[in-house]
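A note on names: the letters A, B, ... follow the listed sequences, proteins ahead of strands, and every chain is numbered from 1.
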Amino acid sequence: MKINELARKLGISTRTIRFYEQNGLLPGVIRENNRYRVFNDEDVWRLQTIIALREAGMTVKDIREVLESESAHHAVTDRERLRYYLELQQALLAGQWLEMRRMAETTSQMLELLQKEQELPLQEFFELAQQARQLRELRHNWRDHWNFDQRAEEHDRHVHTDHTAYPGYDEVLTHTAASVRAAQGERGLDLGTGTGNLAGRLLAQGANMAGIDQSREMLKQCRSKFPAMDVRMGNLLSIPYDDRSFDFVVSSFAFRYLAEQELPLALAELQRVLKPHGRICITDTIPENTENSTLARLLQDWLEQHDYMLQRTSPYTGVFTLLAVPIRVSS
DNA sequence: GTTCTTACA
DNA sequence: TGTAAGCA
């Protein structure tokens with residue numbers, strides 16, 4: 001098949017096909033004597049894959065990486081690799097989606113200012129822009145954390161042996177799940193679910209569980225342990241779920257990794273995916289030393305300021321569980 | 001007439 | 001990625 005016919009069939013331009021070839025997405029295209037390209041079924045298949053991934057918003061560079069490693073491996077790993085890249089893409093888009101939304105909001109705020117101020121509110125514009133920029137930076141910088149965890153296979157052993165990082169692990173999780181009191185069919189989200197140990201307990205209570213984690217290996221382990229769970233790649237600053245999706249959100253041993261400036265953003269994200277009267281249950285360590293204890297306090301303050309009623313318990317030495325239930329405001 | 005490469009937008 | 005030029 002020559003290039004024109006192929007382009008017509010796939011609904012793309014010949015230029016695009018040549019461009020893909022030039023960028024290494026179509027290796028080994030055969031030439032006729034007159035130097036015309038001839039495409040075989042394999043090429044067609046690859047091109048269809050490329051078009052699909054482009055439609056998902058993947059860059060040509062990313063697609064090349066997906067496809068390159070593909071031919072070298074077997075069918076199972078191909079599937080996994082594809083899945084991994086698509087999940088990465090999903091997480092990326094979740095962040096961009098939030099960014100777009102924030103831009104729309106900023107625009108509205110600027111219009112409002114313009115409406116009600118006498119003079120041009122240039123100073124206010126500038127301040128708005130500064131805030132927006134900081135948010136973007138925070139989200140953006142997170143990307144560097146991705147893929148850091150190659151030790152997921154040992155994770156479940158690790159939580160039982162490292163008593164400093166995970167004091168009283170099983171008891172703590174059981175206590176957390178008990179505090180939540182999931183009702184049959186409720187929809188819950190576990191932030192930083194790891195291998196799903198907390199989510200699994202809530203699953204057992206009859207809840208419909210979803211979870212996010214940054215580590216692909218964790219996701220893999222979690223899926224094999226709890227096939228019923230909906231697990232996605234993501235982080236606390238851009239959660240890849242729709243607004244008001246969950247009756248409750250839980251998290252264990254995850255918030256401690258947040259920097260102080262990140263906490264408000266993470267909580268705003270949490271609140272976004274939570275239903276209006278949803279509850280929150282966060283379990284974590286409180287190191288007595290300065291840094292993270294302020295994090296715990298900030299967490300509590302934020303929740304109180306946002307009309308949650310708090311119940312704080314300590315299921316184990318050095319661990320706290322915060323159950324936050326919204327105070328119903330009659331309107 | 002079709003495709004190719006190269007250059008520019 | 002579109003468009004155009006100059007070739008084979």
Side-chain angles (χ1 to χ4, degrees), chain A residues 1-73 75 77-108 110-111 122 125-126 128-129 132-133 135-147 214 216 232-235 237-242:
Chain A
M1 184 172 10
K2 292 209 286 278
I3 199 166
N4 254 313
E5 188 189 355
L6 179 62
R8 201 162 18 80
K9 240 175 205 169
L10 296 180
I12 56 180
S13 68
T14 59
R15 173 70 171 96
T16 302
I17 297 177
R18 294 196 188 97
F19 176 76
Y20 289 157
E21 189 200 16
Q22 191 184 351
N23 284 276
L25 270 53
L26 293 169
V29 177
I30 301 175
R31 301 288 188 127
E32 269 178 332
N33 293 330
N34 52 15
R35 291 170 54 82
Y36 288 7
R37 294 171 177 82
V38 275
F39 298 91
N40 56 31
D41 288 349
E42 155 94 12
D43 297 325
V44 176
W45 181 87
R46 282 181 80 93
L47 227 20
Q48 284 176 326
T49 309
I50 295 165
I51 292 168
L53 295 181
R54 282 294 292 145
E55 197 55 41
M58 238 183 246
T59 64
V60 169
K61 181 165 169 277
D62 284 342
I63 296 174
R64 192 196 313 136
E65 282 174 32
V66 180
L67 262 35
E68 260 176 9
S69 37
E70 191 166 30
S71 42
H73 294 77
T77 48
D78 283 358
R79 179 181 295 267
E80 271 178 21
R81 191 177 309 276
L82 208 50
R83 177 174 198 162
Y84 169 63
Y85 273 91
L86 284 171
E87 285 182 335
L88 209 54
Q89 185 63 15
Q90 187 179 49
L92 192 68
L93 289 172
Q96 291 179 349
W97 169 254
L98 287 171
E99 266 310 301
M100 292 296 286
R101 181 188 285 217
R102 198 233 69 224
M103 285 190 216
E105 238 164 64
T106 307
T107 307
S108 304
M110 287 181 175
L111 277 170
L122 295 179
F125 276 22
F126 180 68
L128 270 178
R133 253 211 282 174
L135 287 184
R136 184 153 38 88
E137 302 261 306
L138 277 177
R139 282 219 184 80
H140 185 79
N141 290 338
W142 196 290
R143 273 195 228 168
D144 301 331
H145 297 296
W146 267 341
N147 228 354
Q214 295 165 202
R216 106 177 104 167
R232 298 188 186 174
M233 183 176 293
N235 66 61
L237 302 190
S238 45
I239 301 171
Y241 284 98
D242 287 340

Q: Considering every strand shown, what is the Watson-Crick or G-U wobble mate of B:dT2 when both distances are under 3.5 Å?
A: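 For B:dT2, the partner nucleotide comes out as C:dA8, under the 3.5 Å rule.
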
Q: Apply the test side chain to side chain contact (heavy atoms under 4.5 Å, CB included) to residues A:Q90 and A:M233: give CA-CA distance (whole Å), side-chain angles for both, the deciding distance (0.1 Å), then the verdict.
A: CA-CA 8 Å; A:Q90 187 179 49; A:M233 183 176 293; over 6 Å; no

Q: Could you say whether A:E5 or A:Q22 is positioned toward the 5' end of DNA chain B, judged by the nucleotide with the nearest heavy atom to each?
A: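 Nearest-nucleotide comparison on DNA chain B picks A:E5.
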
Q: For A:T14, answer base if it contacts any base atom (sugar-phosphate contacts may also be present), sugar-phosphate if it contacts only those atoms, and nothing otherwise; contact means non-hydrogen atoms under 4.0 Å.
A: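 Here A:T14 touches no strand at all.
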
Q: Where each residue is assigned the nucleotide of DNA chain C containing its nearest heavy atom, which of A:Y36 and A:F19 is assigned the position nearer the 5′ end?
A: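 This one resolves to A:F19.
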
Q: Let me know which of A:L67, A:D41, A:V29 forms a side chain to side chain contact (heavy atoms under 4.5 Å, CB included) with A:R46.
A: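 Exactly one pass, corresponding to A:L67.
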
Q: Could you check how far CD1 of A:I17 sits from C1' of B:dT5, rounded to whole Å?
A: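 After rounding, the reported distance stands at 16 Å.
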
Q: Could you tell me whether the phosphate oxygens of C:dG2, OP1 or OP2, come under 4.0 Å of any side-chain nitrogen or oxygen in A:S13?
A: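 Yes, such a contact exists.
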
Q: With respect to the phosphate group of B:dT2, does any side-chain polar atom (N or O) of A:R35 fall under 4.0 Å of OP1 or OP2?
A: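 Checking B:dT2 against A:R35, no side-chain N or O comes under 4.0 Å of OP1 or OP2.
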
Q: Any ion pair linking A:E87 and A:R83 (charged N to carboxylate O, less than 4.0 Å)?
A: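 Yes, A:R83 and A:E87 are salt-bridged.
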
Q: Could you tell me the separation between the CZ atom of A:R31 and the C1' atom of C:dA8, rounded to a whole number of Å?
A: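 Between C1' of C:dA8 and CZ of A:R31: 13 Å.
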
Q: Run the salt-bridge test on A:R8 and A:E5 with the 4.0 Å N-O cut-off and return the result as yes or no.
A: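 Result for this pair is no, no salt bridge flagged.
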
Q: When you measure from the side-chain N and O atoms of A:R37 to the phosphate of B:dC4, is any distance below 4.0 Å, counting only OP1 and OP2?
A: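 For A:R37, the contact criterion (side-chain N or O under 4.0 Å from OP1 or OP2 of B:dC4) is met.
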
Q: Touch check for A:R15, heavy atoms < 4.0 angstrom, all strands: base, sugar-phosphate only, or nothing?
A: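 Contact class for A:R15: base.
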
Q: A:I63 CD1 to C:dT1 C1': how many Å, rounded?
A: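 My rounded result for the distance is 14 Å.
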
Q: Is A:R18 touching bases, backbone alone, or none of the nucleic acid, heavy atoms closer than 4.0 Å?
A: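 The answer is base, as A:R18 lies within the cut-off (heavy atoms under 4.0 Å) of a base atom.
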
Q: Please pick, from B:dC4, B:dT2, C:dG2, the nucleotide with the shortest atom-to-atom distance to any side-chain atom of A:K2.
A: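 For A:K2, the side-chain atoms sit closest to B:dT2.
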
